[in-house]
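Letters A, B, ... mirror the listed sequences (proteins, then strands); counts begin at 1. Atom set for the values below is all heavy atoms of this structure, side chains included, hydrogens, waters and symmetry mates excluded.
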Protein chains: 2
Amino acid sequence: MNKHPMAVSDEDFKKVELAINDVREEGKTIRTIFEGYYDEEIDIGWEVDAAVDAFSIFSSRWTIEILATLYIAGERRFNEMRKLLRGISSRTLSDKLTKCTETGLVERLVEDGPPVRVTYRLTDHGRDAGRLLGPLVAYMKIKQGRVIRHTIQS
Amino acid sequence: MNKHPMAVSDEDFKKVELAINDVREEGKTIRTIFEGYYDEEIDIGWEVDAAVDAFSIFSSRWTIEILATLYIAGERRFNEMRKLLRGISSRTLSDKLTKCTETGLVERLVEDGPPVRVTYRLTDHGRDAGRLLGPLVAYMKIKQGRVIRHTIQS
DNA sequence: GATATCTAGTGTATAAAATGCACCATAGTG
DNA sequence: CACTATGGTGCATTTTATACACTAGATATC
């Protein structure tokens, strides 16, 4: 678990920046399309409402982190996730995984043993959400200096 | 505040779907690039950690909703936001806006009156985050049937 | 002149959510 | 017999969010 930033090649850094810029543009495009459909003051309430609703399943602590973990790490077992998501209690992880399973983001696979092993994995829906979240996470990582441009040496 | 879904033209619906697909692809690209930089088991912990950290400023209730509101509705005053974000208490809104201002997502503009008027607006950083979040919100809206394809009539 | 309204919040008690830490059963290893 | 590993639960405490009353300065209404 190294603390130093991830240094990527200049080429890859540019690719990531380009991808982020593209997504930003797609975001603008989507916004413009939706804006064409309402009379300012009347429907803003609706759209905010829809957005709040759309996000409500993510907007409690750990939900997005769990999603990101399974997206990055692939399928994992309960105690593996607990190690990766440093700071979460087993109680909370258990509750959140149940909720994520109920909302269809994650699936729970039991291979009965003994010992019984339980694997958590993103559903297709969860994976799509992960991918759509990826650019924002990358943007934040760059903003926070956790991903930096590798300075060429030798 | 109408409850029915937003029906967009077939053309626009396709545009939104295409944009979402593009973003999904960009997400995959970014993922692939980052994956090239680590030796499986060793750095997965780092990346999850970085993602958790990147998201920590969003992952408490209402933060993303506030961001989405200002992104959709543009700059707004305190009580306007309270009306838009139905369900939030003024106490919580006040606290969250303070936090969002501290984290640099939102700026607070005071026009002193009387009556004093305070306007909240996304910073450039906040707007970028909003745009990067847009495709996921659109995806969720479609998933939840809040944005539908307009059936051609007449 | 008293009362209501608008502004943007605060104070405080309560409810809900997250945490720490102990603990469970089953099985395998030394 | 003790210790590990599996995937969690139970419960007390802490943190976070909510409801709801209330503030202050100025204008508007009765």
### Query
Cut-off 3.5 Å, side chains only: do B/T92 and B/S89 have a donor facing an acceptor?
yes
### Query
Taking atom types as modelled, is there a side-chain donor on A/S60 or A/T63 under 3.5 Å from an acceptor on the other?
yes
### Message
Does the protein touch nucleotides 9-23 of chain D at the base, only the backbone, or not at all? Give it as B, S and - per nucleotide, heavy atoms under 4.0 Å.
### Response
BBB-----SBB----
Would a distance-only check, ignoring hydrogens and angles, find a side-chain to backbone donor-acceptor pair under 3.5 Å from [X] to [Y]?
{"X": "B/S59", "Y": "A/R61", "answer": "no"}
{"X": "A/T123", "Y": "A/L105", "answer": "yes"}
{"X": "A/S94", "Y": "A/S90", "answer": "no"}

Nucleotide [N], atom [atom2] - distance to [atom1] of [X] in whole Å:
{"X": "A/N79", "N": "D/dT4", "atom1": "CG", "atom2": "C1'", "answer": "12 Å"}
{"X": "B/L85", "N": "C/dA8", "atom1": "CG", "atom2": "C1'", "answer": "16 Å"}
{"X": "B/R82", "N": "C/dA8", "atom1": "CZ", "atom2": "C1'", "answer": "10 Å"}
{"X": "B/L97", "N": "C/dA8", "atom1": "CG", "atom2": "P", "answer": "11 Å"}
{"X": "B/R76", "N": "C/dT7", "atom1": "CZ", "atom2": "C1'", "answer": "17 Å"}
{"X": "A/E80", "N": "D/dG7", "atom1": "CD", "atom2": "P", "answer": "8 Å"}
{"X": "B/R117", "N": "D/dG25", "atom1": "CZ", "atom2": "P", "answer": "18 Å"}
{"X": "A/L109", "N": "D/dT6", "atom1": "CG", "atom2": "C1'", "answer": "16 Å"}

### Query
For DNA chain C, which ranges pair as stems of 3 or more consecutive Watson-Crick or G-U pairs, with both donor-acceptor distances under 3.5 Å?
C:1-6 with D:25-30, C:8-30 with D:1-23
### Message
Taking A/I66 as the starting point, is it possible to reach A/L109 by hopping between hydrophobic residues whose side chains are less than 4.5 Å apart?
### Response
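The answer is no; the residues belong to distinct hydrophobic clusters.
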### Query
Do B/I148 and A/Y37 belong together in a cluster built from hydrophobic side chains that touch within less than 4.5 Å?
no
### Message
The side chain of B/V118 is closest to which nucleotide in this list: D/dG8, C/dT7, C/dG9?
### Response
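Between D/dG8, C/dT7, C/dG9, the one nearest the side chain of B/V118 would be C/dG9.
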Using a 3.5 Å cut-off and no angle test, enumerate the donor-acceptor pairs between side-chain atoms of residues 131-145 of chain A and protein atoms at least two apart in sequence or in another chain.
from   : atom 1 : to     : atom 2 : distance (Å)
A/Y139 : OH     : B/H125 : ND1    : 2.7
A/K141 : NZ     : B/E47  : OE2    : 2.6

### Message
I want to check a possible cation-pi pair here: B/R76 against B/Y120, using under 6.0 Å from ring centre and within 45° of the ring axis as the test.
### Response
no
### Message
By the 4.0 Å heavy-atom rule, please label A/R108 as base, sugar-phosphate, or nothing.
### Response
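Since only primed, P, OP1 and OP2 atoms lie under 4.0 Å of A/R108, the category is sugar-phosphate.
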